[in-house]
Asks: 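Below: one structure in structure tokens.
Residues: numbered from 1 along the sequence shown. Everything numeric here is computed off the predicted structure, so don't read it as measured data. Indexing begins at 1, ligand by ligand and atom by atom, following the structure's order.
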Amino acid sequence: MGVRLNRVTVSYGKRGGASALADVSLEFRPGEMVGVLGRSGAGKTTLIRCINALVRATSGTVEVNGRSLAGLGARELREVRSRIGMVFQQFGLVPRTTALTNVLLGAIGQRPAWRNAVGYFDAEERARALAALEAVELGGLGSRRVDQLSGGQQQRVAIARALMQRPSVLLGDEPVSSLDPVTSRGILELFARIHAEDPRRITVVNLHDPELALAYCTRIIGLREGRVVFDGPPDAVDASARLAIYGG
Ligand SMILES: Nc1ncnc2c1ncn2[C@@H]1O[C@H](COP(=O)(O)OP(=O)(O)OP(=O)(O)O)[C@@H](O)[C@H]1O
Ligand SMILES: [Mg+2]
């Protein structure tokens with residue numbers, strides 16, 4: 001179980017060009033909260049997007065919960081993805097729609113297609129969506145349109161939507177980079193709390209701010225030019241590790 005990348009290379013362009021990920025082998029185990037650090041262009045987003053097959057490995061394999069993503073058909077892929085929550089920098093909410101509806105939409109990957117076609121959410125789903133909004137401390141704002149929420153509140157809605165999936169893997173691609181420092185800490189705290197609620201959950205989050213990663217993550221991966229240049233606990237991130245990740 002868990003997430004395993006085995007010699008993954010991702011090249012977006014022609015052969016011979018630099019690879020966004022170059023021969024990356026990593027295993028994320030249940031319970032880990034992983035912070036991915038690196039300069040702009042280091043491959044952080046590419047790594048995150050490999051885990052839910054938004055980006056395909058040019059070579060190597062990605063396994064989630066024991067299943068290789070490469071061989072999956074559309075239906076199986078949908079099934080695997082339905083348990084992978086994703087939170088983006090720009091929130092990715094459906095505008096002009098209420099917070100509650102946005103959270104409910106997190107459930108649709110796990111419903112039979114005919115139920116999505118009817119556009120109906122049952123009582124159990126509504127109760128779970130309300131609980132997810134409570135969990136992100138937006139209990140009173142379910143009926144508010146998301147475009148009338150602050151950035152931090154919108155990101156909380158996005159997290160509640162991910163929670164609706166009861167994710168075994170929770171991914172965040174720079175989830176706080178459009179938020180102020182205080183709000184950012186609040187969102188990371190929320191990630192950490194949600195992470196801890198399920199001892200088997202794997203959380204992987206890209207962060208520009210290394211201090212946030214060190215404060216909340218249990219494991220740090222440093223990427224540089226598509227390669228893993230650091231992998232260890234937060235307290236092992238010393239000056240030489242910082243230099244390897246960010247320096248010169
Ligand atoms: N869709 C794409 N097509 C071509 N090249 C891409 C594409 N996406 C990313 N790249 C390239 O792949 C490399 C890694 O990009 P990636 O987005 O993974 O970096 P990142 O670490 O997330 O950077 P940032 O911190 O700026 O978000 C970069 O050189 C980038 O230009
Ligand atoms: Mg990125």
Side-chain angles (χ1 to χ4, degrees), residues 3-28 32-64 69-70 77 81 84-93 151-152 154-155 158-159 162 167 169-181 183-185 187-188 191 202-217 219-232 234 237 241-248:
V3 173
R4 186 196 295 258
L5 284 81
N6 187 29
R7 307 205 61 177
V8 170
T9 293
V10 174
S11 309
Y12 289 105
K14 298 191 197 83
R15 282 181 191 282
S19 297
L21 286 183
D23 199 17
V24 169
S25 294
L26 285 169
E27 187 178 351
F28 300 137
E32 285 186 326
M33 176 151 169
V34 182
V36 182
L37 300 177
R39 284 157 66 160
S40 182
K44 305 182 296 295
T45 295
T46 303
L47 173 66
I48 290 278
R49 292 168 77 90
C50 273
I51 297 173
N52 59 4
L54 284 173
V55 164
R56 295 297 192 146
T58 310
S59 65
T61 56
V62 180
E63 279 173 37
V64 176
L69 298 183
L77 190 58
R81 275 189 184 142
I84 303 178
M86 178 108 183
V87 178
F88 301 90
Q89 176 180 355
Q90 288 305 334
F91 321 140
L93 302 174
Q154 289 186 52
Q155 195 59 304
I159 293 169
V169 180
L170 181 61
L171 304 175
D173 189 8
E174 310 267 5
V176 298
S177 44
S178 45
L179 303 173
D180 67 77
T183 309
S184 295
R185 287 196 90 80
I187 293 290
L188 253 293
F191 262 98
I202 294 173
T203 299
V204 186
V205 52
N206 291 344
L207 293 165
H208 264 145
D209 177 0
E211 306 320 319
L212 271 184
L214 300 187
Y216 293 102
C217 296
R219 177 179 173 190
I220 304 293
I221 304 286
L223 285 180
R224 181 156 185 171
E225 294 174 5
R227 293 181 189 278
V228 176
V229 295
F230 178 85
D231 182 359
V237 179
R242 284 173 195 261
L243 195 65
I245 300 169
Y246 295 110

Asks: Considering heavy atoms of the protein only, find what lies nearest to atom 9 (C) of ligand 1 and give residue, atom and distance to 0.1 Å.
Replies: Y12 CE1, 3.3 Å
Asks: Could you tell me whether the side chain of C50 reaches within less than 4.5 Å of the side chain of L21, counting heavy atoms only?
Replies: yes
Asks: For the atom pair CG (D231) and CG (L223), what is the distance rounded to the nearest 0.5 Å?
Replies: 10.0 Å
Asks: Report the nearest protein non-hydrogen atom to atom 26 (O) of ligand 1: residue, atom name, distance rounded to 0.1 Å.
Replies: S40 OG, 2.6 Å
Asks: Looking only at protein heavy atoms, which one is nearest to atom 17 (O) of ligand 1, and what is the separation?
Replies: T45 CB, 3.7 Å
Asks: With atoms numbered from 1 as shown, which atoms in ligand 1 lie under 4.0 angstrom from a non-hydrogen atom of H208?
Replies: 25 (O)
Asks: Less than 4.5 Å apart, any side-chain heavy atom of L188 and any of L207?
Replies: yes
Asks: Kindly compute the distance separating OG1 (T61) from CZ (R7), expressed to the nearest 0.5 Å.
Replies: 10.5 Å
Asks: Hey, which atoms in ligand 1 end up nearer than 4.0 Å to a heavy atom of E174?
Replies: 25 (O)
Asks: Check whether more than 12 heavy atoms from other residues, nucleotides or ligands sit under 6.0 Å from atom CZ of R219, and answer yes or no.
Replies: yes
Asks: Taking CZ in R227 as the centre, count heavy atoms belonging to other residues, nucleotides or ligands within less than 6.0 Å. Is the count above 12?
Replies: no
Asks: With atom 20 (P) of ligand 1 as the reference point, say which of R49, R224, K44 has the nearest heavy atom.
Replies: K44
Asks: Under 4.0 Å from ligand 1, counting heavy atoms only, is it the side chain of R39, its backbone, both or neither?
Replies: backbone
Asks: Under 3.5 Å, is there a donor-acceptor pair between the side chain of K44 and the main chain of V205?
Replies: no
Asks: At the 4.0 Å heavy-atom cut-off, does A42 count as touching ligand 1?
Replies: yes
Asks: Measure the distance from atom 15 (O) of ligand 1 to every protein heavy atom, then report the residue, atom name and distance (to 0.1 Å) of the closest one.
Replies: T46 OG1, 3.9 Å
Asks: Of the protein's non-hydrogen atoms, which lies at the shortest distance from atom 28 (C) of ligand 1, and what is that distance?
Replies: G41 O, 3.7 Å
Asks: Is atom 31 (O) of ligand 1 near the protein, in the sense that some protein heavy atom lies at less than 4.0 Å from it?
Replies: no
Asks: Can you tell me how far CG of L212 sits from CD1 of I187, rounded to the nearest 0.5 angstrom?
Replies: 11.0 Å
Asks: Using 2.8 Å as a strict upper limit, say whether an N, O or S atom of Q89 approaches the Mg ion (ligand 2) that closely.
Replies: no
Asks: Any chance you could measure M33, atom CE, to L170, atom CG, to the nearest 0.5 Å?
Replies: 8.5 Å
Asks: For G38, state whether at least one heavy atom is located under 4.0 Å from any atom of ligand 1.
Replies: no
Asks: Specify the protein heavy atom at minimum distance from atom 12 (O) of ligand 1: its residue, its atom name, and the distance to 0.1 Å.
Replies: A20 CB, 3.3 Å
